[in-house]
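What follows is a set of notes on a single structure, which appears directly below.
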Amino acid sequence: MVKKSLGITVSRYIMDLQHMFPEAKGDLTGLLNELIVAAKTINAEVNKAGLADILGQSGKKNVQGEEVQNLDELTNNTIKKRMESCGYVCAMVSEEEDNIIPVRKGYSGKYTLAFDPLDGSSNIDVNVSIGTIFSIPRRITSSSEVSSYDIPGTAEDFLQKGSEQVAAGYILYGSSTMMVFSTGHGVNGFTLDPSVGEFYLSHKNIKIPKTCKYLSINEGNHKYWNENMKNYIDHIKDREISSRYIGSLVADFHRNLISGGIFLYPKDKKDPSKKQGKLRLLYEAAPLAFLIQQAGGKAVTDEGEDILEIKPTSIHQRTPLIIGNKDAVSEAIEFLN
Ligand code: AHM
Ligand code: MG
């Protein structure tokens, strides 16, 4: 049951969380606050994208004759710039960059940050909801917090099971802008009031409804699915269920989280380079799996492996993803295997 509780700002909520743990030094608080500032900056850019003519490919000039970046690039740079000298992360991984992104020397912190700066890229140019997804695991390659400020993070810091995440969440740029995240103590949603520039607690302790109202899958890929997947989709459509697919994972996930539903992106035979599905484990599947587990749901691969238990072998690893209502996900796995 989602309860309105307007008045508590996201920063106040994070501070209250920190106070629950007297041993906490405030690094996670600091890191989340940096993300909030990045989110507000990105929100402003996304909102004025049409006006400022920054949609589409980079390499254009704006009305002032300045070189403009496209939104993917802009959001990626916004997050990188905020994080590289904040002192809370030791390295970053972004969907937009092949390699690990280092932080400034002397600013290596005790967390890592993996992010998809602007998820739903096919929707950017057509004014449909998009989002930023983030995952925060703790650094594991250096234990001494003080002496590690000069030591950069490595791939090993990112190749941890999703269950090791300390926090995860997303910012959805939709009809309103929301930040939804969890630090492992439930999932809470905060809505941006643009007139004051603050995120306020609007969705307290979110739990996915028991009824699976929505089915979200790209049915255009039907011909590339295996027989079990085709049979499962036929089977579930015999039910009282509505089909909804936006094509922005964040937006599809958010709707299903609030209203109840199942999202599937299985592996298929469409593209041999994406044999393991399309979505990325570190900064798409794992953070959303962390949230859905906190909200009472489940996330698995199409072979039934718990997404949070997969140990990644590369930073941009792909994975099939089935995520949503616990019972619906379990039923899908029975059918598929
Ligand atoms: P992106 O990160 O480049 O935007 O790609 C991921 C997106 C997801 O948001 C969405 O669920 C999926 O790709 C849609 O893919 P498709 O167009 O194949 O249905
Ligand atoms: Mg994405």
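Quick note: numbers below take in every heavy atom, side chains included, and nothing from hydrogens, waters or symmetry partners. Whatever order the structure lists them in is the order used to number ligands and atoms, beginning at 1.
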Quick one: pull up CZ in R139 and CD in E156 and give me the separation to the nearest 0.5 Å.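 CD of E156 is found 10.5 Å from CZ of R139.
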Please work out which of N218, V250, I246, D268 has its closest non-hydrogen atom nearest to atom 16 (P) of ligand 1.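 Selected option, by shortest heavy-atom distance: N218.
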Given N221, N123, I133, D119, which one has a non-hydrogen atom that is nearest to atom 7 (C) of ligand 1? D119
Side-chain donor-acceptor contact under 3.5 Å, [X] with [Y]:
{"X": "T112", "Y": "D157", "value": "no"}
{"X": "N221", "Y": "Y265", "value": "yes"}
{"X": "Y283", "Y": "S94", "value": "no"}
{"X": "T9", "Y": "E198", "value": "no"}
{"X": "S216", "Y": "R255", "value": "yes"}

For M229, the hydrophobic cluster (side chain heavy atoms closer than 4.5 Å, chained through members) also holds L215, I217, W225, Y232, I233, I236, I241, I262, L264, V300, I322, V329, I333, F335, L336
Would you check whether [X] has a nitrogen or oxygen atom less than 3.5 angstrom from a nitrogen or oxygen atom of ligand 1?
{"X": "K270", "value": "no"}
{"X": "L118", "value": "no"}
{"X": "G120", "value": "yes"}
{"X": "S122", "value": "no"}
{"X": "S121", "value": "yes"}
{"X": "K278", "value": "yes"}

K230 vs E227, salt bridge (Lys or Arg N to Asp or Glu O under 4.0 Å): CA-CA, chis, key distance, verdict: CA-CA 5 Å; K230 290 179 183 170; E227 286 311 306; 3.6 Å; yes
Heavy-atom nearest neighbour in the protein, as seen from [atom], with distance rounded to 0.1 Å:
{"atom": "atom 14 (C) of ligand 1", "answer": "Y245 OH, 3.3 Å"}
{"atom": "atom 10 (C) of ligand 1", "answer": "G247 O, 3.3 Å"}
{"atom": "atom 18 (O) of ligand 1", "answer": "Y265 OH, 2.6 Å"}

Just wondering, more than 12 heavy atoms not from N231 lying within 6.0 Å of its CG? yes
Within a 6.0 Å radius of atom NZ on K311, are there more than 12 heavy atoms belonging to other residues, nucleotides or ligands? yes
Enumerate the atoms of ligand 1 whose separation from the nearest heavy atom of [X] is less than 4.0 angstrom.
{"X": "L249", "result": "8 (C), 9 (O), 10 (C), 11 (O)"}
{"X": "E284", "result": "2 (O), 6 (C)"}
{"X": "S248", "result": "9 (O)"}
{"X": "F263", "result": "11 (O)"}
{"X": "E95", "result": "1 (P), 2 (O), 3 (O)"}

The single option from F21, F290, Y13 passing ring pair (Phe, Tyr, Trp, His ring centres under 6.0 Å) against H185: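 In the set F21, F290, Y13, the residue that makes a ring pair (Phe, Tyr, Trp, His ring centres under 6.0 Å) with H185 is F21.
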Quickly, which of L281, D306, I307, L321 forms a side chain to side chain contact (heavy atoms under 4.5 Å, CB included) with T301? Name it, please. I307
Count of N, O or S atoms belonging to protein, less than 2.8 Å from the Mg ion (ligand 2):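 That number is 3, waters not included.
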Assess the residue pair N337 and E303 against the criterion (side chain to side chain contact (heavy atoms under 4.5 Å, CB included)); give the C-alpha distance rounded to whole Å, side-chain angles, the decisive distance to 0.1 Å, and a yes or no. CA-CA 7 Å; N337 296 278; E303 283 168 10; 4.1 Å; yes
Below 4.5 Å, heavy atoms only, C-beta onward: do E284 and K278 meet side chain to side chain? no
